[in-house]
Amino acid sequence: MLKGHQSWVFENKPVILGTATVVGPFEGRGPLAKDFSIIHGDSMLEEASWEKAEKVLIEEAAKLAIENAGLTKEQVQFYVGGDLMNQIISSSFAARTLSIPYLGVFGACSTSMESLAIASMIVNSGSAHYTLAGTCSHNASVEKQFRYPTEYGSQKPPTAQYTVTGAGAAIVSDKGEGPVVTSATIGRVIDMGITDPFNMGAAMAPAAVDTMEAHFRDLNIQPGHYDLIVTGDLSKVGYEIACELLKKHNIPMQQTVYKDCGMMIYDYDTQMVQSGASGCGCSAVVTYGHLLNRMRKGELKRMLVVATGALLSPLSFQQGESIPCIAHAVSIEAGRNIS
Amino acid sequence: MANKKKEKLTPTQQEYQELAQRIQPRRPVLKNCIRAFIAGGVLCLIGQAVQEMFVHWVGFTEKTAADPTVAVMILISVILTSLGVYDKLAQWSGAGTAVPVTGFANSMASAAIEHRSEGIVLGIGGQMFKIAGPVIVFGTVAAFIVGILTWVFQGGGGS
């Protein structure tokens, strides 16, 4: 149901029945390691290319999420997913393997919440009983497509972010036990004229703030409504800018705990990640792994995940275009049957 | 250039970029310069040592030792690239590891490794000069211009 200008309230409370997260070795050395379902020891996953490895990540996450929900893939009606590769090939290949009717979506790193919002809307409207939402990214395939060859010796500035190798998937259902999706706010494209692809945090921060403001306005709530608000992958630089902007816009964030997924997945002291993490996989594995685990344990009652995406293409930034950015927010609450 | 860029931005964008610039960390230029100086110097020292070895142990002259020295440096760089070490060294040393021989070899080897999955001809062949290509193109252009200038100042005669 539409609420306000750009938000949906899911009155039937779609349930996140099962989730799964699959990550690479570098993420496995980070502080959230115990929250991931599978940690691979080889970032190539014994495949012939980075792209194939990325496809395997999302395939495994999807299959495991279906299994964790106690379903078979024939029971899942739709798969909503996307990734960072050109023409979202990883998700399309995974959809080929899964042979679940598929809606490909692209929102760069915001795809995690974009797909969850759409999957929840499908279930909420009664158009499906079970829908799969999933997304993935691979550090090396992203470096190869957007930046330089992975082994090329170039120095990254302190504003650069490290793309997460990982995939997260969730099954959204109209019945069962688990955390429920209560609302979603679809973001506008915001472009503040940042052109440096090594500074995505600064590019995306205004989009995150815009979506958060819209969410509070549309639902007529305050940040204090949530125990935790997380942004997708702003990392240190973007997070600090977002805090400053929120203060400037008089949004009382002190009522709640505000964090960023990009600052949670790696250990800054021992892992060389500059500003922090990014990528579709970042908000997906942190949300579907760490945060939902916390919610299932009863540590969190209500949270808002604001996944941020930089909608640039390798061609657009070479032609000097600025980086258009977007953010989608989804609120998740602990279900009634959760202690 | 910077002002021209600024003119295209709306006042809100300008205001935001000022805010962002205030918060985001700058590249540590001085630290990078010192590290580049040390790393570049060490690389050249290794090169010099290799050259001395060729002169003293293998019997090359100072002039003829240059070719095998360059070959050894290329080999070292390509091996380090293949082992996944060169990019980590480069993050520390910045421009220091971009010094011509080893940096150039790294740019070609890394592109060749990366695009091997697209095949030998279109992948390795087509993409190997992805980063090194511009250096060759503009190096040739610069050599051409310098050549003409030399010719003009030497009075248009032959050598």
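Side-chain atoms are counted along with the backbone in the values below, which use heavy atoms only and exclude waters and symmetry mates. Note on naming: letters A, B, ... go to the chains in the order of the sequence lines (proteins, then strands), and numbering restarts at 1 for each one.
Only the side chain of Q17(B) comes within contact range of chain A, with heavy atoms under 4.5 Å apart. Of the two parts of N199(A), only the side chain, counted from C-beta on, holds a non-hydrogen atom closer than 4.5 Å to a non-hydrogen atom of chain B. In this structure, the portion of S117(B) lying under 4.5 Å from any heavy atom of chain A is its side chain and not its backbone. Looking at A111(B), both its backbone and its side chain come within 4.5 Å of chain A, counting heavy atoms on both sides. Of the two parts of S154(A), only the backbone, made up of N, CA, C and O, holds a non-hydrogen atom closer than 4.5 Å to a non-hydrogen atom of chain B. When heavy atoms are compared at a cutoff of 4.5 Å, Q21(B) does not approach chain A at all. Neither the backbone nor the side chain of K52(A) comes within less than 4.5 Å of any heavy atom of chain B. Only the side chain of E118(B) comes within less than 4.5 Å of a heavy atom of chain A; its backbone N, CA, C and O stay farther away.
Formation of a donor-acceptor pair under 3.5 Å by the N106(B) side chain with backbone atoms of E151(A) is found in this model. Of the possible polar contacts, one joining the Y16(B) side chain to the A202(A) backbone as a donor-acceptor pair under 3.5 Å is found. A donor-acceptor contact shorter than 3.5 Å links the side chain of Q155(A) to the backbone of Q91(B).
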**OP:** Apply side-chain contact (heavy atoms from CB on, under 4.5 Å) to the pair Q13(B) and D191(A), showing each step before the final yes or no.
**Re:** CA-CA 8 Å; Q13(B) 285 177 323; D191(A) 188 335; 4.3 Å; yes

Original post:
Hey, mind stepping through E114(B) and Y152(A) against side-chain contact (heavy atoms from CB on, under 4.5 Å) and telling me if it holds?
Top reply: CA-CA 9 Å; E114(B) 191 81 326; Y152(A) 176 59; over 6 Å; no

**OP:** Go through the steps for I241(A) and L19(B) under the test side-chain contact (heavy atoms from CB on, under 4.5 Å), then give the verdict.
**Re:** CA-CA 8 Å; I241(A) 296 173; L19(B) 170 88; 4.1 Å; yes

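For a heavy-atom cut-off of 4.5 Å, chain B lies close to K156(A), P157(A), P158(A), T159(A) in residues 156-163 of chain A.
The pair R22(B)-E240(A) does not count as a salt bridge, with every side-chain nitrogen at least 4.0 angstrom from each carboxylate oxygen.
Interface check for chain A: of the options L80(B), T12(B), I113(B), N32(B), the most heavy-atom pairs under 4.5 Å are formed by N32(B). Among S107(B), A90(B), S110(B), the residue making the largest number of heavy-atom pairs under 4.5 Å with chain A is S110(B).
Heavy-atom contacts from other residues, nucleotides or ligands closer than 6.0 Å to CZ of R217(A) number more than 12. Around CZ of F37(B), the count of heavy atoms belonging to other residues, nucleotides or ligands within 6.0 Å does not exceed 12.
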